[in-house]
2 protein chains.
Amino acid sequence: MTSPPHRSSELANADGTVRCRALFIRSAGRVGSVSDPEFGHRTETLQQPSPEAARDAIARGIDRGAIVTVYGRCTVDYDGRATSYLEAGDRHVMLKPDGAALVHTAEGQQPVNWQPPGCDHDVFCEDGHIVIESLRTSPDEQLRVRFQNVLQVSAFAGSDETELALVGTEADLRRRILEEPDLLETGFMPLATERETPAGAVDIYGEDSTGRAVVVELKRRRVGPDAVSQLRRYVDALERDMHADATVRGILVAPSVTDRANRLLSDHGLEFISLEPPDE
Amino acid sequence: MTSPPHRSSELANADGTVRCRALFIRSAGRVGSVSDPEFGHRTETLQQPSPEAARDAIARGIDRGAIVTVYGRCTVDYDGRATSYLEAGDRHVMLKPDGAALVHTAEGQQPVNWQPPGCDHDVFCEDGHIVIESLRTSPDEQLRVRFQNVLQVSAFAGSDETELALVGTEADLRRRILEEPDLLETGFMPLATERETPAGAVDIYGEDSTGRAVVVELKRRRVGPDAVSQLRRYVDALERDMHADATVRGILVAPSVTDRANRLLSDHGLEFISLEPPDE
DNA sequence: GCCTAGGTCCCGTCC
DNA sequence: GGACGGGGCCTAGGC
């Protein structure tokens, strides 16, 4: 990857930490830095920085593996799987050390623009304005944020070793049925999970009390037509794999179904059992 | 909604702006505030604030309709459609004025925890620690972030009047076909978009050069088995609605299909045409 | 409010 | 790398 010489990420790569800090102190904007006896500088923040000071702070934060945030008035260009443009407005940009980029407006849970993890972040000055570029390949995608004003730049270093403990997923529902198969129906015997068929992997494969093959499709929440079609594909594939006279039961397990899904179930001779994932 | 008297959102509601600013100046942490001749205070930032100062700054930011961000070491509890817990780690929390909440770690495009727009944010001190709660009803969901350390609090006020201009969506692909139906096949005549069937709305409904009914399902990207099943549901529903001898053609339009999807298409007598949304 | 389907979906998993 | 399906999916559009 080649960059013009004015791009600060190269400068920052060449700079040692000491000189970076010197640059930081010399910055024109009001600055703040929070140190910690154990971890050193954890956060660095500039307010109303000059473009050059902002560029250096952003590049330094990226190089240090920090979460970098930039708030200010900017335009956003995206080109990749689709193409988008966003006129100037005040937005919050976050660059993560794993290569993800997020552009948030004041509205919505979702970012208005983004880049998934794996991108290379680059920051430089162009015509006196800060430009942040996040690039990736396969697919080729480019996100470019051009700031008219940078009101604040922050870099947050920290540690986070833990993982989310989540309960109430489809896997929990499966566990519940495997531990107590009679919840599904008396005499049901699970034989395999994720059993492969030509149509894909079946959530639970088993037999009912009469020995008939049963395909179980699990959903953690109320389902619509798509889940019924999914179950149908598995049942069709398994019946095609067995002798001509064999029939396979298909059971959808979910808290509830929509009307249309219920009709589809009847049309295709599939069954429904109401079950939810456990609370804890 | 009732809150214990120590919750600062009530205090902040009762406080006038002047007294808020006084609190802000008196805060123990290093502070920064960027003003603008036109908009007044646009950003306010505290570093290493005391719990009380952080609480007041967060509550003030929420009340002002700002984007509020908090960085520090925290645990996260979620309870609603599922249940989750996250042990202590350094994370970036964003509260939006529309009621959305986001908890971001250093990894991933997705927040580790969140709350959709429409929530009520609340902040208070408990045992000397900052707690942020975002609540909503229907469904009942609660997000609780408890900070061990708050390294920085920021509030960003701004304006953003513009909307994203996005090209390359399914709607663009539809437009392309409606403008030049021969792209699909010579003589194809679109008659309706979003035509309702008992199975749902069909992307494009039309007739081929021989007068046969055609259902077109559009996808902006490479598709798998689900899109084929979707098309199949529409074709089935339309055939059921027509006289017994009528047959309906189903055409999937997408850049490409997977092998399994291709097999499904053949099995069900459906067709595929390779087309992409326009670049611009 | 529910239903239905799109999304630059993201994300993990398994091939 | 592609494929397939889950997700606390979110979000928009209808009804």
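In what follows, every chain begins at residue 1, and chains take the letters A, B, ... in the order their sequences are listed.
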* To do: Would you please classify the geometry between the B:Tyr71 ring and the B:His92 ring as parallel, tilted or perpendicular, with 30° and 60° separating the classes?
  =>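 Taking B:Tyr71 first and then B:His92, their aromatic rings sit tilted (interplane angle of 30° to 60°).
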
Does OP1 or OP2 of [N] have a side-chain N or O of [X] closer than 4.0 Å?
X        : N      : value
B:Arg222 : C:dC9  : no
B:Ser138 : C:dG1  : yes
A:Arg260 : C:dC2  : no
A:Trp114 : C:dC10 : yes

* To do: Between B:Leu166 and A:Asp226, name the one whose nearest nucleotide on DNA chain C is closer to the 5' end.
  =>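 With B:Leu166 and A:Asp226 compared, the 5'-side residue is A:Asp226.
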
* To do: Specify the residue among B:Glu107 and B:Gly168 whose closest nucleotide of DNA chain C lies further upstream toward the 5′ end.
  =>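 It is B:Gly168, whose closest nucleotide lies nearer the 5' terminus.
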
Report yes or no: do [X] and [Y] form a side-chain donor-acceptor pair below 3.5 Å?
X        : Y        : result
B:Tyr234 : B:Glu217 : no
B:Lys219 : B:Gln230 : yes
B:Ser84  : B:Asn113 : yes

Within the structure shown, what part of the strands sits under 4.0 Å from [X] by heavy-atom distance: base, sugar-phosphate, or nothing?
X        : result
A:Pro139 : nothing
B:Pro225 : sugar-phosphate
A:Pro116 : sugar-phosphate
A:Glu141 : base
B:Glu217 : sugar-phosphate
B:Gln230 : sugar-phosphate
B:Thr83  : nothing

Between [X] ([atom1]) and [N] ([atom2]), how many Å, whole number?
X        : N      : atom1 : atom2 : result
A:Gln109 : C:dG7  : CD    : P     : 18 Å
B:Arg174 : C:dA5  : CZ    : C1'   : 12 Å
A:Asp79  : C:dT8  : CG    : C1'   : 10 Å
B:Asp279 : C:dT8  : CG    : C1'   : 14 Å
A:Leu102 : C:dC10 : CG    : C1'   : 11 Å
B:Asp259 : C:dC14 : CG    : C1'   : 16 Å
A:Arg221 : C:dC3  : CZ    : P     : 11 Å
A:Glu194 : C:dC14 : CD    : P     : 8 Å

Would you mind checking if [Y] and [X] are paired as a salt bridge, meaning a charged N to carboxylate O distance below 4.0 Å?
X        : Y        : answer
B:Asp236 : B:Arg233 : no
B:Arg220 : B:Glu170 : no
B:Asp160 : A:Arg91  : yes
A:Arg174 : A:Asp203 : no

* **Leading and trailing nucleotides of DNA chain D with any atom under 4.0 Å from heavy atoms of chain A** =>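 The contacted stretch runs from D:dG1 to D:dT11.
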
* To do: Report the residue (A:Ala201 or B:Leu143) whose heavy-atom-nearest nucleotide on DNA chain D is the more 5′ of the two.
  =>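 Its nearest nucleotide lies further toward 5', so the answer is A:Ala201.
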
* Asked: In terms of the nearest nucleotide of DNA chain D, which residue is placed more toward the 5' end: B:Arg136 or A:Ala199?
  ->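 Its nearest nucleotide being more 5', the pick is A:Ala199.
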
* Straight-line distance of A:Leu265 CG to A:Phe272 CZ, nearest 0.5 Å ->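 The distance works out to 8.0 Å.
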
What's the gap between [N] and [M] when it is taken at their [atom1] atoms, as a whole Å value?
N      : M      : atom1 : result
C:dA5  : C:dC9  : C1'   : 13 Å
C:dT8  : D:dG14 : C1'   : 25 Å
C:dC14 : D:dG8  : C1'   : 25 Å

* State the pairing partner of D:dC15; accept Watson-Crick or G-U wobble contacts with both distances under 3.5 Å, and report none otherwise. =>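 For D:dC15, the partner nucleotide comes out as C:dG1, under the 3.5 Å rule.
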
